[in-house]
Structure formats: structure tokens, C-alpha cells
Amino acid sequence: MAKNLVIVESPTKAKTIKKYLGKNYEVIASEGHIRDLPKSSMGIDIENDYEPHYITIRGKGELLSTLKKAVKKSDFVYLATDPDREGEAISYHLSVALKLEDKKFKRISFNEITKSAVSASIKNAREIDMDLVDAQQARRVVDRLVGYEISPLLWEKLGKKSLSAGRVQSVALKMISDREKEIDAFIPTEYWSLDALLTVPGQKKSASFTFKGDISNAKEADALKKKLEGADFVVTDIKTSSRTQKAPMPFTTSTLQQTASSRLNFSTSKTMRVAQQLYEGVEIKGKGTVGLITYLRTDSTRISDEADALAREHIRRVFGPEYEAEVTEPAKETKKNIQDAHEAIRPTDVEITPASLKGNVSNEQYKLYKLIYERFVASRMKPAQYSIFTVTVTAAGETLKASTSSITFAGYQNIYSTEEDKAKAGVNLSGIKKDDKLSLDKIETVQHFTEPPSHYTESLLVRTMEENGIGRPSTYAPTISTLITRRYVVKEQKNLYITELGEAVNNVMENAFPEIVDVEFTANMESLLDSIGEGAIQWKVVVRNFYPDLENEINHAQENLEKIKIADEVSEETCEECGARMVIKYGAYGKFLACPNFPNCRFTMPYYEKIGVSCPECGGDLVKKITRKGRPFYGCINYPDCEFTSWNRPATQKCPRCGKYMIMKGKKTVCSDKECGYSE
């Protein structure tokens, strides 16, 4: 019998596939790419029509030799890398590096690592799709041109060699910067709510009826309260209605990242790492290595007919036929640029329940699999049904309402639900009849302030990037990881904050490369890259149209962009060891003071930038400081004796209304006390 060689990316994947193929197949992992552009140079011959120059990745020489020997012993080679553009490119580079043009070889791909899927892929082996290879190559070349042309400019202008720019990364950084500016400039608006607690017949607790109208300030709230305290509360309307809550769609990459963040507190990179493990295969007692989920990089919610039928059969058996959703025509994807090459993320076998995996997988793997499993099964179940009971009362010409909802049919919520799905519980209002007079227990008024836009979290940034067509499923997690690793952004309690370094980089990018950080331009580039994969446009056409404009912007920036002197600014402090005037340096944690006589003198000390404002608590100087994660704040120079701190920059003047210190909010100065609300 012929000896067949199957090449995959990872050793885990190789182990899983080997189990399904038997003795006549040798399965070896390439451990990702074998060839790539060199790290030490651009690797693109711009003069020769942007021809890329690929080399064997450093450290992969021995592995390449092993693969060549295995190819020599084989009669047929199957390239079984991941079912996306990156996987297609890896297969292509393997075919070149292993000189497979003289060998019988085919490309196989599968959306899930199961026996049936792997067997079917071999029966349907095909040629390498060069359109997909070109799409990945174009992305790699464009990203390399941006990174290797702009990054040295950042080093020169900001005086720091660890900086980098990126086609997607720089847009994401600008989005975070813009959001921070929005938050800083936000002025809260005061408003009030009023609730009347009314006694309900047959109930021990009072029901809360909310005033339906606008209340702007305390004066209006007090006036309304007095008006209602002496009034009769008469039931003028009772309505019973129903509400349907549809089951959620199965996960895509972005929705999995968002949901895992909110429900499991997983970062995007952690979600992808654990999902990769579930996809490649996990050792299950009695079953060996089993691939538990389908491919994890997808932006489609499509499900195969076979998987749909098996899920429905499972639902009928476990929950009952009344829970199975009606079979309807699949909804067409409405978002732009959907890559429908593979399905949504789902379990490979609906009979492998999360409970059955207890003790076989890690806690992280269990949690993520449970989330994916339950979401998929729920997507094939009927909607949840709610009954809503609403009571309207009138008092002194004003309208107040109370409502409760109860679930009448759980539907998909028998397996998957969110906080938003829960019924709004409250006092039972069913004993109330129209024209009833309800007695007043008490009236509560509460002051509120409008909230600024929320800080970006990883999940919110992913959702916004997806909505704007920036990046693709495979790029969301690496983009965020790069921003955090470069210290352009810090993550505190899920929120992402831009650092001083990130702001400096963003300012250079905005001024010198407005197109690179433009959301619409970046989304259009993604569409062009998609078109290459569809065979609609040649990859070099895209690069030829892109690079000249980039080159012009770089030349203009070299001549006109001033250097931003973050380092070597002389301070007022003197070195405690040699007496020299300390200079300001910029390190991984922001600014610090260092002796200019380095390396002969290595004395350093923290840098405190005085802002010309006195501490409202002790009168000392307020200084700008940086947290360990790189986020700026303002504190007293006399710390730890004085512990005053503020995230917003304090102003020089006091509030004329209450006497407390003022803070800067964009172009306005506002009182630090929200309840005062004074601004100018």
C-alpha cells in the first residue's frame, strides 16, 4: 500500500488526526509557518514590483530537514493546514520549501477534526487555492510596508526604539484615544427620578410606581413630590402583553470573545488560546484525543445541515419536541465582508456534553466548551415567552407606571440565558383593578447624572472593530495584545486606557499618516484584501495603488515632523550622588529622572511633573504621576503623608458655588463634586 504523509501545523492536531487515519498515514506538524519574510530587513523588493523575499524561519532548519526526509519516504503528501487564508499560505510555503512540484500532493481542509470530516477531506482533496494565498500575501506585504516604513520614523521622532506602527493596530489605538478624549470632555447633566411606593391590595410589600416624565433638578423634584403627597392615586389603565425573546445565534469569533469576556472574564487572547486547544483535540478517557469544537476563526453563523439535524434530535430527546425551534430558511448574513468558508463555532459532537468532560479537561477548557455548547444547542431551540403586566396610575394629573414580567415558556433559556433574559420580578400586581384607589406609603426622589461613554474593554473594542470592518477574526486578539505589550494601552479592571506613550505615538500617526489611522480607509483596505481572496483583483494591483501614497507621507513626515523630546529634558532636581542636574528619561513605565553622567553615575529617581496647582488637602504641589500600568493621574508631592489623588487634572480655581476644587473636562472646568454640578 502507498505511504501517505499528512502535514498539519500543531503536534496536538497531528495526534488527533493520526488516530482517524490509521497505519498507512504518517502525520507530522510543521509548527506553523516554515517560511516567512525576514525579521532583520523589509524583505520586499519595492523596485522589482514589490516581490517578497521569503526565507526559512530561524530555528526551523532541523524541522524542515525532518519534513524533507518524510516527504522522500512518502508516495503522496496531503497538506492539512487550517481552513483559512493563513492555513492556505502555510500549505503553499510548505509546497515550495519541500519542493513538492516533483511529488504527488494535494491540499485538504476540514472545519472540524472528526473522523468523518477528515475522511471526507481526503476524498475531496484539491489544489492549493492561490487566490487565498495571494490574499494572505497581500495582507502580509501591506502590513510589512506599514510597519517597517513607519516604525523607524517613530523611533527617530520619539527617541525610543521599541515602538511600532501597524495597519490595524494604529487604527485601534486611535479609537481608544478618541474615546478617552470623549470621556475627558464629557460634562454630566443632572436629572432626577421619582418613585411612589403604593400599597397593593393583598400584598404585604408596596409596589414602586415610577413617574413618567422629565425632572431636571432638586427644585422640580421637591415640587412634584409635594404635589403628589396630597393626591389620590387612581388606577387608570391595566394592560397584559407578551414578549418573545429569540434564541441567540451560534458563536462567531468576535461574539465568542465578547461573551467569554463578560461571562468568564477571559481576555481575547486567552479565549483564542483555549479555543485552539479545544479545536486541535483534548485527551478524553476511553476515546483518546478528540477535537471538541469546529474551527475558531470565523465570522459566519452558518451551521451545516448535518449538525443542525443532530442538535434538533438531541433537543427533542433531552428537552422534548415542544422545545425544538421551527425549521426556517437560514437568515442571510447582513454584515459586510462575511467570510462564509466555514461554520459558526460549535461542538463537533452534540452528544459530548459539558458534564461528560468533567475531569478530562482543564477548568478553563470546561468553561469555554460549556459556553460554546450551550449557545449552540440554544440556537436550535424555540424563543422564550414572557407575560408582561403593566399598571398605570394617575395622581394630580401626573402619570406613574409599574410593571412585572413572568416567563410563560422558557424555550432556549432551559440551557442558556443572560442577565437581560431574566424576567423582571416585583410585587404581584394582579390583584389591582381599574379605578382602584391605591394608598401612598412614601415617595422617593433620587438624583442622577448622565454617564460619559464607557471606556473600551477588550470585548467592546472587538465589537466596534467588527462593526467598522477593521481587522478580521484572526486579528482581533493579536491587535489588542500588541497594544498592551507595547505599553500604548493598559488594562485595569477590564477597561483599556491609553498611556502617555500611546498618546504620543497616536499623535504622530494622526498628524503624519491620517489615512493609515482612518477607519473608513482601513475598512476599505480589508475589502480589497477580501476581493483578492475571491479572485476579483490581483494582489500586486492593491499594493501598487497603496505604497506610493504611503511613501509620500513618510517623506513628508521626515522633513516636516518635529521630534518629540520625551528624553533628556533637564529637570530642576540634582543628582544626590554627583550633583549634576537630573534629566528626564522615558522608560517602560513612563518618565523617570536619571543622572546625565550615566554610565559613570547610575542614580535615578521618580519623575514628578508639577502642574502649578496646590493640593486641596495639604497645600503642597500637585504632580502628574503614572501608575505601574502606565496610566496618568494627579497626586500630591507629599505622598505618603498626603494621599490626595485625582484621575482628572485639577484646575487652579476653586468652585464659586461650593468652594471645592475644580477639574478639567475637555474645554470646560467643572466642580469635582458631582452633586454641585457647577461648570464654566
Side-chain angles (χ1 to χ4, degrees), residues 82-85 109-112 114 117 244-264 268 271-272 275-276 278-279 291-315 323-350 368-384 411-413 415-418 420-421 459-460 462-477 526-527 530 533-534:
D82 284 348
D84 57 12
R85 294 173 191 165
S109 60
F110 30 82
N111 190 49
E112 56 187 333
T114 60
T244 297
Q245 182 68 42
K246 288 184 179 179
M249 300 294 283
F251 282 127
T252 61
T253 302
S254 69
T255 55
L256 177 62
Q257 290 173 348
Q258 293 165 47
T259 308
S261 173
S262 61
R263 298 183 68 161
L264 305 179
T268 52
T271 298
M272 297 306 285
Q276 185 76 30
L278 296 175
Y279 166 69
L292 293 174
I293 64 169
T294 53
Y295 193 55
L296 57 148
R297 294 177 182 89
T298 176
D299 47 13
S300 173
T301 56
R302 181 178 61 82
I303 292 294
S304 70
D305 292 341
E306 182 185 6
D308 178 74
L310 291 172
R312 290 174 180 279
E313 182 185 327
H314 176 83
I315 291 165
Y323 283 91
E324 181 193 352
E326 294 177 8
V327 179
T328 57
E329 198 67 31
K332 290 185 178 180
E333 304 283 8
T334 56
K335 291 182 292 183
K336 294 180 181 179
N337 305 318
I338 291 294
Q339 305 301 303
D340 204 37
H342 15 75
E343 301 178 52
I345 303 169
R346 62 167 175 81
T348 55
D349 184 351
V350 75
L368 194 64
Y369 181 76
K370 185 172 185 286
L371 193 65
I372 294 167
Y373 181 94
E374 292 178 350
R375 175 88 162 219
F376 168 64
V377 174
S379 73
R380 270 46 213 163
M381 296 175 74
K382 280 186 177 174
Y412 74 91
Q413 290 187 25
I415 190 170
Y416 184 93
S417 65
T418 64
E420 292 77 18
D421 293 331
S459 61
L460 179 57
V462 166
R463 189 175 78 196
T464 310
M465 289 172 68
E466 183 186 37
E467 287 171 351
N468 285 283
I470 298 167
R472 286 297 177 260
S474 60
T475 63
Y476 301 137
E526 292 288 2
S527 296
D530 291 340
E534 294 161 5

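Model, not experiment: these values are computed from the prediction.
- With contacts defined as side-chain heavy-atom distances shorter than 4.5 Å, the pair Tyr412/Lys246 does not qualify.
- Side chain of Thr259 to main chain of Leu256: no donor-acceptor pair is present (N/O by atom type, distance under 3.5 Å, no hydrogens or angles).
- Cation-pi geometry between Arg263 and Tyr416 is satisfied (NZ or CZ under 6.0 Å from the ring centre, within 45° of the ring normal).
- Contacts of Glu324 classified as side-chain contact (heavy atoms from CB on, under 4.5 Å), with partners at least two apart in sequence or in another chain: Arg312, Ile315, Arg316.
- Pro250 pairs in a side-chain contact (heavy atoms from CB on, under 4.5 Å) with only one of the listed residues (Glu343, Arg302, Arg346, Arg380), which is Arg380.
- A distance-only check finds a donor-acceptor pair linking the side chain of Thr464 to the backbone of Leu460 [under 3.5 Å].
- In this structure, Asp299 and Thr253 have side chains that are not in contact, with every pair of non-hydrogen atoms separated by 4.5 Å or more.
- Residues Ile345 and Tyr279 fail the side-chain proximity criterion, which asks for heavy atoms closer than 4.5 Å.
- Judged by distance alone, the side chain of Glu313 and the main-chain N or O of Ala309 form no donor-acceptor pair under 3.5 Å.
- Thr298 places none of its side-chain heavy atoms less than 4.5 Å from the side chain of Pro473.
- Two residues are said to be in side-chain contact when any heavy atoms from C-beta on lie closer than 4.5 Å; Glu466 and Tyr476 meet this criterion.
- Under the ring-ring contact (aromatic ring centres under 6.0 Å, His included) criterion, Phe110 pairs with no residue at all, not counting sequence neighbours.
- For the ring-ring contact (aromatic ring centres under 6.0 Å, His included) test, no residue two or more places apart in sequence or in another chain qualifies with Phe376.
- No donor-acceptor pair under 3.5 Å is formed between the side chain of Thr268 and the backbone N or O of Gln257.
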